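Since the structure comes first, as structure tokens, the remarks are kept for the end.
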Amino acid sequence: MAVTHEITPISIKWQEKFSTFNSNRMNYVREILKLASDPEMILLSGGFPDPKTFPTEAVHRLIDEAIERYGSNIFQYGDSRGFLPLRLLSLKYLSDRGINTEVENVQIFTGSQQFLQLVGESLINPGDRIIVTKPTYLGVLSAWDKFRPQYREVDLESDGPNIKQLEHEIVDGVITGEAPKFIYLVPNFNNPSGETISLEKRQQIAALAQKYGVPIFEDDPYRELRYSGEHLPTIFSIAPDHTIYSSSSSKTLFPARLGIGVAPFELLQRVTYFKQGADLNTANFTQAIFAEYMKDGSMERHIPEIVGIYTPRLQVMLNALHEFFPREFTFTRPEGGMFVWVRGPKVFDSEKLLPIALAQKVAYVPGISFYANSDTAERNTLRLNFSNQPEERIIEGIKRLGVIFSSNQ
Ligand SMILES: Cc1ncc(COP(=O)(O)O)c(C=O)c1O
């Protein structure tokens, strides 16, 4: 029936319409990134690569090569599983990491963040136990909170998760009929702690996964950013039938929103179904550029340049922390990645002091953002990023924080 008389519109109360999928987690990273437009702000907060590391000139050439090789197909909608040439090239990339697999087990995602999200959507029911480290990657909590899992935390030590606690969590779940759905781990240069799981612990974790039939999600975007020490075998290479593996273009090319996911075919079929609902497919265009980048050896040649930029930044940050932070503060000494994790005395509260730091033009992320369960969050911790600022600004930022933390404990 056509409306012929004037209507008084009823205003929409969006809050009342919201779904019950909720996360009350305060996303400091997002909040603090809003400050990025202030050129005076020393950003030790986000996890951004330095744009200096982006191979801009090579990308000009790679785009031409991709169009030449694949034609206008790269502008078209594509296969939800990923651009086939990139999936095939990924097999070699993965095999260099000890991941020997078949193309049907490899798919491309819109960032490894999307792979995390879709695996969560494919596996997690409300109340399911998921084992995470304490602390863990904030982005995974944002991705999975809405599925309402029960996060079971195990302490993250300097060489990886506490193995006793890990076994206890698994056994407790098995006994009570609530076996953990999976264990989520970042093996190299963890976000936020910067540290790496030792070979011994990788083997122990793999053995536990096999013994109890619990899968591992090995989230490995930082592997290439190693500044000292030796590459360690992936957990996947030790327990291939029990591990889901994730890698990314974000740290070796640029955040082109490209993730590489490896998983059993039956799981990937389900993940693909959800991906079609999320974005149909990842852009062929960026996938073709990444394929060219892998194919012509540009990636192998470029990684040492990235490492060359970040290595002194890490060193400068560690030296400055040693020089300017109060003695009672401890900090991790990563061998790679983008982050250093700081722990103050028990009474120290990094969230409370953030406004003072921001007023003095230094940004960091309070550690409480990285704990799955708010009641166990340690308020005396914070995460510092060293990849995004030149050395002088890192030193100045740490100096300012040192003064603030010394006078406000
Ligand atoms: C541990 C971890 N996993 C996944 C991601 C997401 O990476 P991507 O850019 O591939 O979505 C990040 C990004 O910082 C990360 O730190």
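Atoms within each ligand, like the ligands themselves, are counted from 1 in listed order. Worth saying up front: this structure is predicted, and the values here are computed from it rather than measured.
- Distances shorter than 4.0 angstrom do not occur between any heavy atom of Gln117 and any atom of ligand 1.
- Counting atoms of ligand 1 from 1 in the listed order, those under 4.0 Å from a heavy atom of Gly111 are 10 (O), 11 (O).
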**Item:** Step-by-step side-chain hydrogen bond (donor to acceptor under 3.5 Å, both in side chains) determination, Asp50 to Asn388
**Value:** CA-CA 5 Å; Asp50 189 320; Asn388 190 239; 5.5 Å; no
**Prompt:** salt bridge (Lys or Arg N to Asp or Glu O under 4.0 Å) between Glu224 and Lys251: does it pass, once the steps are laid out?
**Reply:** CA-CA 8 Å; Glu224 282 76 21; Lys251 321 297 183 226; over 6 Å; no
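- Distances between N or O atoms of Tyr184 and those of ligand 1 include no value under 3.5 Å.
- Residues Ser193 and Thr332 bring no donor and acceptor atom of their side chains to less than 3.5 Å of each other.
- If you number the atoms of ligand 1 from 1 as listed, the ones under 4.0 Å from a heavy atom of Arg257 come out as 8 (P), 9 (O), 11 (O).
- The closest approach between a heavy atom of Met338 and any atom of ligand 1 is not below 4.0 Å.
- Shown are Lys275, Gln107, Arg257; of these, the side chain to side chain donor-acceptor pair (under 3.5 Å) with Thr282 is made only by Lys275.
- At most 12 non-hydrogen atoms from other residues, nucleotides or ligands lie less than 6.0 angstrom from NE2 of His322.
- Numbered from 1 in the order shown, with element, the atoms of ligand 1 that lie under 4.0 Å from a heavy atom of Lys251 read 13 (C), 14 (O).
- Residue Phe109 places no heavy atom under 4.0 Å from ligand 1.
- When the options Ser250, Gly259, Ser248 are ranked by their closest heavy atom to atom 9 (O) of ligand 1, first place goes to Ser250.
- Within the 3.5 Å criterion, the main-chain N or O of Asn281 finds no donor-acceptor partner in the side chain of Ser80.
- In summary, the side chains of Tyr151 and Asp128 do not present any donor paired with an acceptor at a separation below 3.5 Å, with no hydrogens or angles considered.
- The protein non-hydrogen atom at the shortest distance from atom 13 (C) of ligand 1 is Tyr137 OH, 3.5 Å.
- Here is the list of ligand 1 atoms found below 4.0 Å of a heavy atom in Pro221: 1 (C), 2 (C), 3 (N), 15 (C).
- The minimum heavy-atom distance between Tyr93 and Ser247, with the atom names listed, is OH-OG, 2.7 Å.
- When the heavy-atom distances from atom 4 (C) of ligand 1 to Asp219, Ile260, Leu258 are ranked, the shortest goes to Asp219.
- Counting protein heavy atoms only, atom 16 (O) of ligand 1 is closest to Tyr222 OH, 2.5 Å.
- Remark: the Asp279 side chain and the Thr110 side chain contain an N/O donor-acceptor pair separated by less than 3.5 Å.
- For atom 6 (C) of ligand 1, the nearest non-hydrogen atom of the protein is Ser112 OG, 3.4 Å.
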